[in-house]
Amino acid sequence: GSFSESLNDKWNRSSPFNFFLTKAKGIDNKYNANQSVHIKEILSESFGELVQSAQFNYKIDVDWLVQCYPESFRSKPLLIVHGFKGREKQDLESEAAKYDHIGFCQARLDIAYGTHHSKMMLLKYTDGIRVVIHTANLVHGDWHQKTQGVWISPLFPILLGQGSGESDTKFRKDLIDYLTAYNHPKLRSWIEMIKTHDFSDCRVHLVASVPGRHTDISKDKWGHLKLRKLLKQVEPSCKQWPIVGQFSSIGSLGAKSEDWLCSEWLSSLSTMGQTLVEKSQLRLVFPSVDNVRLSLEGYPAGGSLPYSIHTAKKQTYLHSFLHVWKSDRNGRTQASPHIKTYMRMSPDGENLAWFACTSANLSKAAWGVLEKKGYQLMIRSYEIGVLFLPKSFSKEVFKIKDDNFLVPFDLPPTPYEKSDHPWIWDIPHVNKPDTHGMKWCPN
Ligand SMILES: O=C(O)c1cnc2c(S(=O)(=O)O)cccc2c1O
C-alpha cells in the first residue's frame with residue numbers, strides 16, 4: 001500500500017545519511033513526514049521479509065514491543081538483549097513467558113552502577129541484514145511525544161563472491177567486536193551471520209562502550225578514546241569550531257570542570273591532531289525546567305531526564321555551559337529530547353565537522369574515565385552510537401542546508417537565561433503549572 005512504499009521511498013530520500021527523528025504526536029504533521037519514523041514503520045513488512053530479530057535496549061515493555069511487529073512477524077524468533085539482574089530480570093522474563101518466540105540475553109555488568117544503555121535492532125530478512133541504532137527505550141512513551149534519533153542502515157546483502165564485505169569505516173568489524181565483547185552464546189549466531197553479509201555500503205563509524213578496564217590496544221576501541229581516534233581524521237581547518245554536546249542525563253563529573261569534562265573528555269571531542277580547546281567552545285544542551293514544563297508531556301517528560309539534585313549540587317560550574325532545548329527547525333521544541341548527539345559546528349551553525357548520535361549521556365560511566373595515570377580507560381555501561389565523518393561522504397564538511405543534513409535542534413544553541421535552571425527530576429517544581437496544568441512533586 002502507499003504506507004509501505006512511503007517507507008522505502010523515505011529511506012531512499014534520506015540517503016546517504018539515513019538519519020531520522022522519531023514521529024511525535026501533537027506537533028504540526030508537516031514535521032512528521034520525510035525524516036521522521038515510527039517503530040512500527042521500521043518493523044513493517046515493507047522493509048523486508050523478517051526471519052528473526054534482536055532488540056538491544058534498557059527499558060522494555062514486552063507486550064508493547066510484540067505489537068510493534070506486524071502480525072505476520074510475531075512468531076519470528078526475537079532475542080531481547082538487556083542488562084537486568086535478579087527481580088527485574090525475573091519480571092522481564094515472566095512478562096515474555098506467554099511468547100514462545102522470545103529469548104533473552106542478559107549482558108554482564110560486572111562494574112557497579114553500569115547499565116545496558118545500548119539501543120539497537122538487528123533485523124535479519126530473507127535477503128539480508130539491517131542494523132538500526134537509536135536512542136529510544138522499547139516503551140510507548142519513548143516513541144510518543146519525544147525527540148529521539150534513529151539511524152537505519154542500508155540492507156546489507158548476503159556476501160557473494162570474493163568481496164571483503166567490509167566498508168572503509170570498518171563498521172562490520174567494529175560491530176562484531178562489540179557483540180563479541182558480550183561473550184554470550186546467544187549472540188554467537190548473530191556474529192556468524194554478520195560475518196556472511198556485505199557491509200561495504202556502510203558509511204558511518206561505530207562508537208560504542210562496553211564495561212571494563214580497557215588497556216593497551218583495547219584502550220581506544222571504546223568510549224571517548226574511540227571517538228578521539230576517529231576524530232583524528234577531521235579537517236584541521238575546523239580547529240576553532242565549537243563542540244556541542246546534547247544529552248538527556250548528566251553524571252557526576254567532578255568538583256571542577258578540569259577534573260574530566262574540560263580535560264579528558266573535551267580533549268577527545270576536540271581532537272584533530274592537537275588537543276586544547278577553550279572552555280568557551282564547549283556548549284552543552286540539556287533541558288531547562290521551563291523546557292520540561294512547557295513540553296507536550298509537561299513535567300512527566302522530566303521522568304526521562306534523570307538528573308538528580310544530589311549530583312547537580314556538586315557541579316554548579318556546569319550551569320555556565322548549558323543551553324536550552326530549542327528545535328523550531330524540526331517543529332520539536334516541545335518534544336522533549338531523549339536523543340543524545342555530539343557534534344563540532346562552525347561558529348555560525350551552518351556547517352558541521354562531524355556529527356554523532358549515541359545512547360551515551362554526559363557521564364564517565366558511558367564515555368569512560370582514565371585511571372592509573374592514563375594506563376586504563378574504565379567504562380561502566382554498554383553504549384552504542386554512530387559517527388558521521390564528512391570524509392566518509394567525500395566531503396570536507398557537512399553543509400547542513402545544501403547537504404540536507406538533519407540536525408535535531410537549532411544551531412547555534414541558545415544559552416540559558418539567568419532565570420533558567422537545569423531540569424532536576426527529584427525535587428518539586430510547583431511555582432508554575434505545566435502544559436497540562438499540573439505540578440511535579442516527586443516523593
Ligand atoms: O534510556 C535509558 O537508557 C534510560 C536509563 N535510565 C533511566 C533512568 S534511571 O535508570 O537512571 O533511573 C530514569 C529515567 C529514564 C532512564 C532512561 O531513559
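Order of appearance sets the numbers: ligands from 1, and atoms from 1 within every ligand. Only a predicted model underlies this, so the values are computations on that prediction, with no experimental measurement involved.
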- Does the gap between the ring centers of Y125 and F47 come in under 6.0 Å? no
- Which heavy atom of E45 sits nearest a heavy atom of F73, and at what distance? CG-CZ, 3.6 Å
List the atom pairs, donor and acceptor, that lie under 3.5 Å between side-chain atoms in residues 249-257 and the rest of the protein, sequence neighbours left out.
| residue | atom | partner | partner atom | Å |
| --- | --- | --- | --- | --- |
| S249 | OG | P306 | O | 3.4 |
| S252 | OG | K314 | NZ | 3.1 |
| K256 | NZ | D259 | OD1 | 2.8 |

- Query: So among F398, F19, F393, which one has a ring pair (Phe, Tyr, Trp, His ring centres under 6.0 Å) with F405?
  - Reply: F398
- Message: Give the residues near ligand 1 by chain and number, with the criterion being a heavy-atom distance under 4.0 Å.
- Response: Y58, K59, H117, K119, N137, G303, S304, P306, H338, W425
- Task: Kindly determine whether S248 and N361 satisfy side chain to side chain donor-acceptor pair (under 3.5 Å), including the steps that lead there.
- Result: CA-CA 6 Å; S248 63; N361 280 305; 3.1 Å; yes
- Item | Exercise: identify the closest heavy-atom pair between W64 and D61 | N-OD1, 3.0 Å
